[in-house]
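To start, the structure under review is shown below, and the notes come after it.
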Amino acid sequence: MFDVEETRGDFPILNKEIYGKPLVYLDSAASAQKPSKVINYIKNFQENDYANVHRGLHFLSNASTDEFESSRKKVKNFINAEREEEIIFTLGATDSINLVAHSLAENFFQKGDEVILTVMEHHSNIVPWHFLRDKCGIKIKWVDCDKQGNISLDDIREATTQKTKFISITQMSNVLGSDIALKEIIKFAHENKILVLVDGCQGISHKETDMKDLDCDFYVFSGHKLYGPTGVGVLYGKYDILKDMPPWRGGGEMIREVSKESVSYADIPSRFEAGTPNIIQAVGLGVAIDYFVSKKNEGLFKHEEEISKYFHNEIQCVKKINVYGEKNITSPMITFTVDGAHPHDIATIIDREGVAIRAGHHCCQPLMKFLNVSSTARASIGMYTNKSDVDIFVKALDKAITFFD
Amino acid sequence: MSLQSIIDDFEFLDDWDDRYKYIIDIGKTLNSLSEGEYNDTNKVDGCASQVWFIVEEKVIRGKNVLKFRGDSDAFIVKGLIVIIFTMFSEKTPEDILKIDFIGELRKLQLQENISQQRSNGLTAMINTVISEAQKRV
């Protein structure tokens with residue numbers, strides 16, 4: 001049975017006081033805090049088993065390689081991929097999307113090909129496609145969502161033409177927290193020979209994520225939003241697609257043979273892991289996944305749903321508040337503005353109460369424009385969020401609003 | 001208003017609620033820019049709030065000074081802009097460069113709000129103040 005108080009005990013940073021007040025961390029959508037298991041494992045790994053991977057024949061190199069590859073296996077099992085080779089360690093979700101875009105630019109996309117994006121995408125799922133537009137003349141087709149962040153299959157269908165070759169879409173908006181009907185979009189895409197990349201940055205830590213069930217062609221996420229270290233992320237790609245994709249970065253273990261005149265490339269996943277990989281971070285991600293899965297099995301998602309509902313309910317009672325995606329009551333993202341005060345003002349004032357939230361455009365400027373706001377404030381929950389966090393936040397918010405009366 | 005009077009007021013207000021209310025209040029003294037001046041050229045990079053900033057050369061009491069004007073859509077940032085302008089505006093480039101602004105902001109315990117984050121555009125504003133002054137000495 002999931003116990004939030006016991007879980008909070010696993011996160012040392014939650015004991016911290018900010019300006020003399022207990023920390024109320026409501027910025028997990030930006031980055032989640034790290035449990036002791038991850039922190040200690042990383043330390044222990046470096047003290048006992050660390051060396052470069054894949055290269056040495058010595059004891060430690062083998063120990064390190066075992067840890068690194070076992071982490072890949074954990075990722076594979078976690079997202080229910082078919083094969084370990086389908087899991088590429090990257091620097092993060094941004095890096096993963098850039099990898100796909102750059103690699104596909106080589107011999108997949110041709111001038112005039114169309115890529116469908118939704119207006120809700122994070123800049124990390126927009127800018128790499130802008131690069132491709134400039135580099136090989138692809139066209140970006142935008143699909144609007146409704147005010148709650150829903151995308152219908154009809155909207156996607158309408159944007160699709162003979163030239164559509166790719167859809168890159170979020171699993172869960174980092175602003176509206178909306179839950180997108182991906183399966184039917186992916187099915188439709190495949191019927192029309194369109195590849196689909198799913199940005200799982202937010203979805204991975206709040207939703208059941210199963211590659212065989214979802215059937216997307218690519219899936220990306222970052223380790224640090226899943227209670228793991230920064231500097232590591234994952235690119236999942238279907239074996240049959242990945243195996244034919246050319247490398248993006250060169251050097252290190254990504255080669256088969258190098259001569260003065262030519263180079264041939266290693267098989268996947270090595271082909272996409274140039275240079276010494278982020279060994280420590282990748283190992284840390286594996287531990288984070290173990291921890292996360294154990295919490296998920298205890299009933300984490302049910303806890304998050306309850307807290308989200310409580311949060312949405314409580315915030316609706318605050319005066320002068322406008323909540324975006326207010327109907328998504330199980331959303332872990334609570335995005336809002338306050339009449340007469342700027343989100344930046346609110347975030348700055350409640351910071352002195354020890355409450356950490358985000359204010360700004362959340363790397364979603366097209367969505368901000370669509371919602372007709374320059375910025376919003378966002379509180380986001382993690383596995384350690386309890387009702388007391390919500391109560392302290394609401395009280396701090398209520399008080400901050402009186403500053404602008 | 002002088003910087004010293006702001007520092008004195010701050011010492012008198014020992015709780016941050018009152019200090020923020022004070023910053024919001026002094027922000028209200030900031031003159032708006034003219035409508036056309038809220039443009040991309042005058043906009044300072046930042047992501048949490050929007051800041052516009054204009055540097056002008058003036059002669060005041062026979063001295064060439066730099067005069068700053070600016071605005072933000074966030075109330076606290078407006079107040080912080082007033083503090084920055086109180087520190088730097090209508091001073092000669094030589095005098096601007098002599099100011100230990102981090103030390104002054106530390107007296108207000110505002111250095112975290114201003115010097116360490118790019119999000120509110122104020123770091124970029126201070127950098128511009130310094131570089132505009134440096135160009136003229």
Side-chain angles (χ1 to χ4, degrees), chain A residues 17-21 27 30-31 122-124 127 174-175 320 335-369 372-379 392 395-405, chain B residues 10 13-30 32 38-40 42-53 70-84 105-106 108-125:
Chain A
E17 291 198 336
I18 307 289
Y19 304 117
K21 311 263 171 65
D27 199 17
S31 200
H122 188 282
H123 294 168
S124 293
V127 181
N174 67 316
V175 174
K320 297 186 184 175
T335 297
F336 62 95
T337 55
V338 171
D339 292 340
H342 192 281
H344 188 275
D345 295 323
I346 298 293
T348 306
I349 293 167
I350 69 174
D351 174 47
R352 292 278 168 178
E353 300 290 327
V355 181
I357 63 162
R358 171 108 189 250
H361 53 59
H362 315 289
C363 296
C364 286
Q365 286 179 336
L367 180 60
M368 292 296 116
K369 205 168 175 190
N372 203 21
V373 284
S374 65
S375 74
T376 61
R378 180 191 66 193
I392 294 171
K395 205 173 153 205
L397 181 60
D398 268 331
K399 191 167 85 175
I401 291 170
T402 64
F403 290 18
F404 301 92
D405 282 343
Chain B
F10 244 62
L13 304 166
D14 48 4
D15 136 351
W16 271 96
D17 287 355
D18 292 334
R19 288 179 180 177
Y20 278 132
K21 285 178 192 161
Y22 176 81
I23 294 172
I24 292 165
D25 278 345
I26 60 170
K28 290 175 186 162
T29 66
L30 197 62
S32 299
Y38 292 95
N39 58 32
D40 283 349
N42 294 334
K43 204 165 169 180
V44 178
D45 285 342
C47 69
S49 54
Q50 303 185 80
V51 172
W52 297 267
F53 180 49
D71 200 2
S72 171
D73 55 352
F75 291 97
I76 290 176
V77 178
K78 274 178 196 272
L80 297 173
I81 291 173
V82 170
I83 294 172
I84 292 173
L105 294 172
R106 199 167 281 142
L108 293 164
Q109 292 172 271
L110 284 173
Q111 71 278 11
E112 284 158 24
N113 289 67
I114 295 183
S115 63
Q116 288 172 15
Q117 59 172 328
R118 75 183 172 91
S119 67
N120 57 23
L122 293 173
T123 311
M125 185 185 273

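Predicted model, so just to flag it, every value in this text is computed and none were measured.
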Please find the pair of heavy atoms, one from H344(A) and one from A74(B), that lie closest to each other, and give the distance.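 Nearest heavy atoms, H344(A) then A74(B): CB-CB, 4.1 Å.
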As an exercise, state the distance from CZ of F403(A) to CG of D25(B), rounded to the nearest 0.5 Å.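 Between atom CZ of F403(A) and atom CG of D25(B) there are 11.0 Å.
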Interatomic distance, K21(B) atom NZ to I349(A) atom CD1 [nearest 0.5 angstrom]: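 It comes to 9.5 Å.
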Would a 4.5 Å heavy-atom cut-off, applied to side chains only, mark D345(A) and Y20(B) as touching?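 No, side chains not in contact.
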Flag side-chain contact, heavy atom, 4.5 Å: T348(A) against I23(B):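 Of all side-chain heavy-atom pairs linking I23(B) with T348(A), none is under 4.5 Å.
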With only heavy atoms counted, which part of E353(A) is less than 4.5 Å from chain B, the side chain, the backbone, both or neither?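 Looking at E353(A), just its side chain touches chain B.
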Does K21(A) have more than 12 heavy atoms from other residues, nucleotides or ligands lying within 6.0 Å of its NZ?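 Yes, the 6.0 Å shell around NZ holds more than 12 heavy atoms from other groups.
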Would F404(A) and F75(B) count as a close aromatic pair, with their ring centres under 6.0 Å?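 That pair passes the under 6.0 Å test.
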